[in-house]
Participant: 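Have a look at the structure that comes next, please.
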There are 2 protein chains.
Amino acid sequence: MANHLDSFFSAISDPTRRAVIERLVEGPAAVGELHAPHDIALPTFLKHIKVLEASGLVRTEKKGRVRVVHIEAAPLAEAEHWLTRQREVWEDRFDRLAALAERIERSQADDL
Amino acid sequence: MANHLDSFFSAISDPTRRAVIERLVEGPAAVGELHAPHDIALPTFLKHIKVLEASGLVRTEKKGRVRVVHIEAAPLAEAEHWLTRQREVWEDRFDRLAALAERIERSQADDL
DNA sequence: TGTTTACTTAGCCACATGGCTAACCATTTA
DNA sequence: TAAATGGTTAGCCATGTGGCTAAGTAAACA
């Protein structure tokens, strides 16, 4: 079961694509506008958009000769949840270790 | 400035490596133990550990002939923050759009 | 000391990725 | 309708990635 976290995390592991996402949270934009700040050829840039689209992070829509790109919030939230969950488990374990350390310390004090 | 978000997100875009992280939040483990549930050759698995280590997500330490792997929480938090920030900006914009829509609706009601 | 155990190194392979140029198509605009 | 604009397709290339086997090293154990 190849999770879609795979394609999501892979999609945002590229700085160009992360920059596109950072722009798109501000609102939809045309391919040309998104491309402008990046110093790479248009066809190369288009590939990045296709990767984002394939990962479900983005939808696109052709209007006349312009293609407009919108962000899709759900996958962003899903990835955030995965990370949050790992942190939570890790913090839980940390708390348990701290509690354990305290118990040991106390029982050593009893030994004196 | 090649961000370390690059190597971080790339590291966790692989299901084997995410599984390793999910195991490691429960506590440190030896390479052999981490490898056991995965049906791939050990050298292949070791590469994954190296990738995790290079991304800073994990530290390893040799004890006798065993190598113990620990998780490093900071990068996890950093990535989580990036995602959270994107969601926040997106939600802000959503709120502004909703407010705008309401103003428009109200002004149309005035026209009646 | 010889054997097992637990990695580790080396080296090979197929396919994916990110980059390019050249040429093409479809809508505007003049 | 001719020219300009905004993407799109095709195809090439170098490098990276995830997989393997075979063989090596170093610590523990018998």
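Predicted, not measured: the structure shown is a model, and the values here were computed from it. The chains referred to below are lettered A, B, ... by the order of the sequence lines, with proteins before strands, and numbering in each begins at 1.
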Participant: Output a table of donor-acceptor pairs, distance under 3.5 Å, between side-chain atoms of residues 44-52 of chain B and any protein atom two or more places apart or on a different chain; print 'none' if there are none.
Facilitator:
residue	atom	partner	partner atom	Å
H48(B)	ND1	R17(B)	NH1	3.1

Participant: Less than 3.5 Å apart, which donor and acceptor atoms pair up between the side chains of residues 61-70 of chain A and the rest of the protein, not counting sequence neighbours?
Facilitator:
residue	atom	partner	partner atom	Å
E61(A)	OE1	H70(A)	NE2	3.1
R67(A)	NH1	T60(A)	OG1	2.8

Participant: Could you tell me the separation between the CZ atom of R67(B) and the C1' atom of dT25(D), rounded to a whole number of Å?
Facilitator: 13 Å
Participant: What's the spacing between H81(A) NE2 and L83(B) CG if we round to 0.5 Å?
Facilitator: 10.5 Å
Participant: In residues 48-60 of chain B, what residues come within less than 4.0 Å of DNA chain D, judged by heavy atoms?
Facilitator: H48(B)
Participant: I need the minimum non-hydrogen distance between S13(A) and S10(B), along with the two atoms involved.
Facilitator: CB-N, 3.3 Å
Participant: How close or far is atom C1' of dC25(C) from atom CZ of R65(A), stated in whole angstroms?
Facilitator: 12 Å
Participant: Rounding to an integer number of Å, can you tell me how far D6(B) CG sits from dG18(C) C1'?
Facilitator: 13 Å
Participant: Near DNA chain D, counting only heavy atoms under 4.0 Å, which residues of residues 18-46 of chain A show up?
Facilitator: V31(A), G32(A), L42(A), P43(A), L46(A)
Participant: Measure from CG on D14(A) to C1' on dG19(C) and round the result to the nearest Å.
Facilitator: 11 Å
Participant: Check if the side chain of K47(B) and the base of dG19(D) share a donor-acceptor pair of N or O atoms closer than 3.5 Å.
Facilitator: yes
Participant: Strictly below 4.0 Å, N to O, side chains only: are E22(B) and R85(A) in salt-bridge contact?
Facilitator: no
Participant: Tell me which pairs pass side-chain hydrogen bond (donor to acceptor under 3.5 Å, both in side chains) where either residue lies in residues 89-101 of chain A, with sequence neighbours left out.
Facilitator: R87(A)-E91(A)
Participant: Can you find a heavy atom in the side chain of R23(B) that is under 4.5 Å from one in the side chain of E33(B)?
Facilitator: yes
Participant: Closest-nucleotide mapping onto DNA chain C: is K63(A) or R17(A) further toward the 5' terminus? I mean the 5' end.
Facilitator: R17(A)
Participant: Throw together a table of side-chain donor-acceptor distances under 3.5 angstrom for residues 34-43 of chain A, partners on residues two or more places apart or in other chains.
Facilitator:
residue	atom	partner	partner atom	Å
H35(A)	NE2	I40(A)	O	2.7

